[in-house]
Amino acid sequence: MGISITATNSKYDFFLGCGGFFSLRKNIAIAYNKEFGEHYGNLIYCHTPRQFEEHDKLSNLLISQLDPDEKDADIFDFLYQSDCSGKISYKTCKKIYDLIKDIDFGDRIFTYGAYSDGKDYEHLKEFLKECYSHRKQMRWE
């Protein structure tokens, strides 16, 4: 079962698996704050309630240590919404765009490899610009 990221009347649609979506969000978390992002990436290794609890404790500690000007609830909302269904505002799209606009992701992809042209992150940047320019919500399901 896959995930589709899109916006109303957008020229972009991204089709990916849960692993690709996690990779996308992990890279955005790293762009947000390297130490927090690397910790966020360890979420994939949590399988038991105790492991999730320990991960959450360290997440909360790392977040509490961020400079107050760095803390952004919208970014955390994107990172911690359900994989199955979610949405973010055009304002959050702008914040994510601002985080990743100058990052060269090379040929890293997050969509299904068979359908990717190797420019997933460049397309994502354009998509995010489209969302905030036209006040569209990004959604996934």
Side-chain angles (χ1 to χ4, degrees), residues 1-8 10-141:
M1 183 168 165
I3 298 169
S4 172
I5 299 174
T6 192
T8 303
S10 176
K11 64 181 180 178
Y12 295 97
D13 285 312
F14 301 93
F15 300 101
L16 54 157
C18 291
F21 194 49
F22 180 76
S23 177
L24 167 65
R25 293 204 282 194
K26 180 182 77 170
N27 285 327
I28 290 170
I30 290 169
Y32 175 70
N33 178 281
K34 186 172 179 163
E35 183 180 9
F36 170 79
E38 289 173 356
H39 167 70
Y40 179 88
N42 292 327
L43 188 58
I44 201 163
Y45 302 114
C46 295
H47 302 291
T48 66
R50 182 183 167 112
Q51 289 171 327
F52 281 108
E53 193 174 292
E54 291 299 316
H55 189 275
D56 287 348
K57 282 181 187 177
L58 185 51
S59 296
N60 289 331
L61 176 64
L62 291 171
I63 291 167
S64 73
Q65 293 173 348
L66 291 173
D67 184 284
D69 293 335
E70 272 188 290
K71 293 180 186 176
D72 194 318
D74 294 332
I75 298 297
F76 295 126
D77 182 46
F78 170 70
L79 296 174
Y80 288 107
Q81 279 191 59
S82 171
D83 293 352
C84 300
S85 180
K87 62 185 174 185
I88 57 173
S89 72
Y90 70 91
K91 292 177 183 178
T92 305
C93 290
K94 171 78 165 114
K95 290 176 181 183
I96 293 171
Y97 173 77
D98 287 342
L99 284 176
I100 67 171
K101 68 183 177 186
D102 296 325
I103 297 174
D104 180 6
F105 290 97
D107 57 358
R108 283 190 272 169
I109 64 171
F110 57 86
T111 61
Y112 290 124
Y115 304 106
S116 177
D117 63 0
K119 298 178 183 178
D120 290 3
Y121 284 93
E122 294 307 311
H123 297 308
L124 178 67
K125 291 173 189 179
E126 291 301 315
F127 172 69
L128 292 168
K129 280 198 308 191
E130 176 186 80
C131 287
Y132 78 76
S133 296
H134 299 289
R135 296 180 177 230
K136 298 178 182 183
Q137 285 185 330
M138 175 178 132
R139 63 182 187 281
W140 59 93
E141 46 194 28

So, the side chain of E126 versus the backbone of H123: is there a donor-acceptor pair under 3.5 Å, distance only?
-> no

Test E130 against Y12 for side chain to side chain contact (heavy atoms under 4.5 Å, CB included), laying out the working first.
-> CA-CA 9 Å; E130 176 186 80; Y12 295 97; 4.2 Å; yes

If you round to the nearest 0.5 Å, how far is NE2 of H39 from CG of L61?
-> 9.0 Å

Quick one: list whatever passes side-chain contact (heavy atoms from CB on, under 4.5 Å) with A7, sequence neighbours left out.
-> S10, F127, C131, K136

For this output row, return yes or no: ring centroids of W140 and F78 closer than 6.0 angstrom.
-> yes

Who are the side-chain contact (heavy atoms from CB on, under 4.5 Å) partners of K94, not counting sequence neighbours?
-> D98, Y132

Would you find more than 12 non-hydrogen atoms of other residues, nucleotides or ligands less than 6.0 Å from K91 atom NZ?
-> no

Begin from the C-alpha positions of I5 and D13 and carry the test side chain to side chain contact (heavy atoms under 4.5 Å, CB included) through to its verdict.
-> CA-CA 6 Å; I5 299 174; D13 285 312; over 6 Å; no

Rounded to the nearest 0.5 Å, the CD1 atom of I75 sits from the OH atom of Y32 at a distance of 7.0 Å

Looking at residues at least two apart in the chain, or sitting in another chain, which of them share a side-chain contact (heavy atoms from CB on, under 4.5 Å) with E35?
-> N33, L62

Which value, rounded to the nearest 0.5 Å, describes the distance between I28 atom CD1 and I96 atom CD1?
-> 4.5 Å

Considering residues, nucleotides and ligands other than F52, do more than 12 of their heavy atoms fall under 6.0 Å from its CZ?
-> yes

Hey, could you give me the CZ/CD distance between R25 and Q81, rounded to the nearest 0.5 Å?
-> 7.5 Å

Report, as yes or no, whether the 6.0 Å neighbourhood of atom NZ on K101 holds more than 12 heavy atoms from other residues, nucleotides or ligands.
-> yes

S85 and S82: side-chain donor and acceptor closer than 3.5 Å?
-> no

Compare every heavy atom of M138 with every heavy atom of L128, then report the nearest pair and how far apart it is.
-> CD2-SD, 4.0 Å

State the OG1-CG distance between T111 and D120, to the nearest 0.5 angstrom.
-> 3.5 Å

Evaluate the side-chain proximity of Q51 to Y45: yes if any heavy-atom separation is below 4.5 Å, no if none is.
-> no

Nearest heavy atoms of A29 and L79, plus distance in Å | CB-CD1, 3.9 Å

Show your reasoning for whether side chain to side chain contact (heavy atoms under 4.5 Å, CB included) applies to L24 and L124.
-> CA-CA 10 Å; L24 167 65; L124 178 67; 3.4 Å; yes

Nearest 0.5 Å please: distance from the CZ atom of F15 over to the OG atom of S116.
-> 13.0 Å

Where is the tightest heavy-atom contact between I44 and H47, given as atom of each residue plus distance?
-> O-CE1, 3.7 Å

Set of side-chain contact (heavy atoms from CB on, under 4.5 Å) partners for D67, sequence neighbours left out | D69, E70

Can you check whether R50's main-chain N or O pairs, donor with acceptor, with E54's side chain at less than 3.5 Å?
-> no

Evaluate the ring planes of F36 and Y40, with Trp represented by its six-membered ring, and classify them as parallel (under 30°), tilted (30 to 60°) or perpendicular (over 60°).
-> tilted

For K95, which residues count as a salt bridge (Lys or Arg N to Asp or Glu O under 4.0 Å) partner, sequence neighbours excluded?
-> D72, D74

Under the side chain to side chain contact (heavy atoms under 4.5 Å, CB included) criterion, do T6 and R139 qualify, and how do the steps go?
-> CA-CA 6 Å; T6 192; R139 63 182 187 281; 3.8 Å; yes

Which atom pairs, donor and acceptor, lie under 3.5 Å between side-chain atoms of residues 103-110 and protein residues at least two apart or in another chain?
unit_1: D104; atom_1: OD1; unit_2: G106; atom_2: N; d: 2.9
unit_1: R108; atom_1: NE; unit_2: F105; atom_2: O; d: 3.4
unit_1: R108; atom_1: NH1; unit_2: N27; atom_2: OD1; d: 3.3

Which heavy atom of C46 sits nearest a heavy atom of H55, and at what distance?
-> SG-CB, 3.6 Å

Would a distance-only check, ignoring hydrogens and angles, find a side-chain to backbone donor-acceptor pair under 3.5 Å from T92 to I88?
-> no

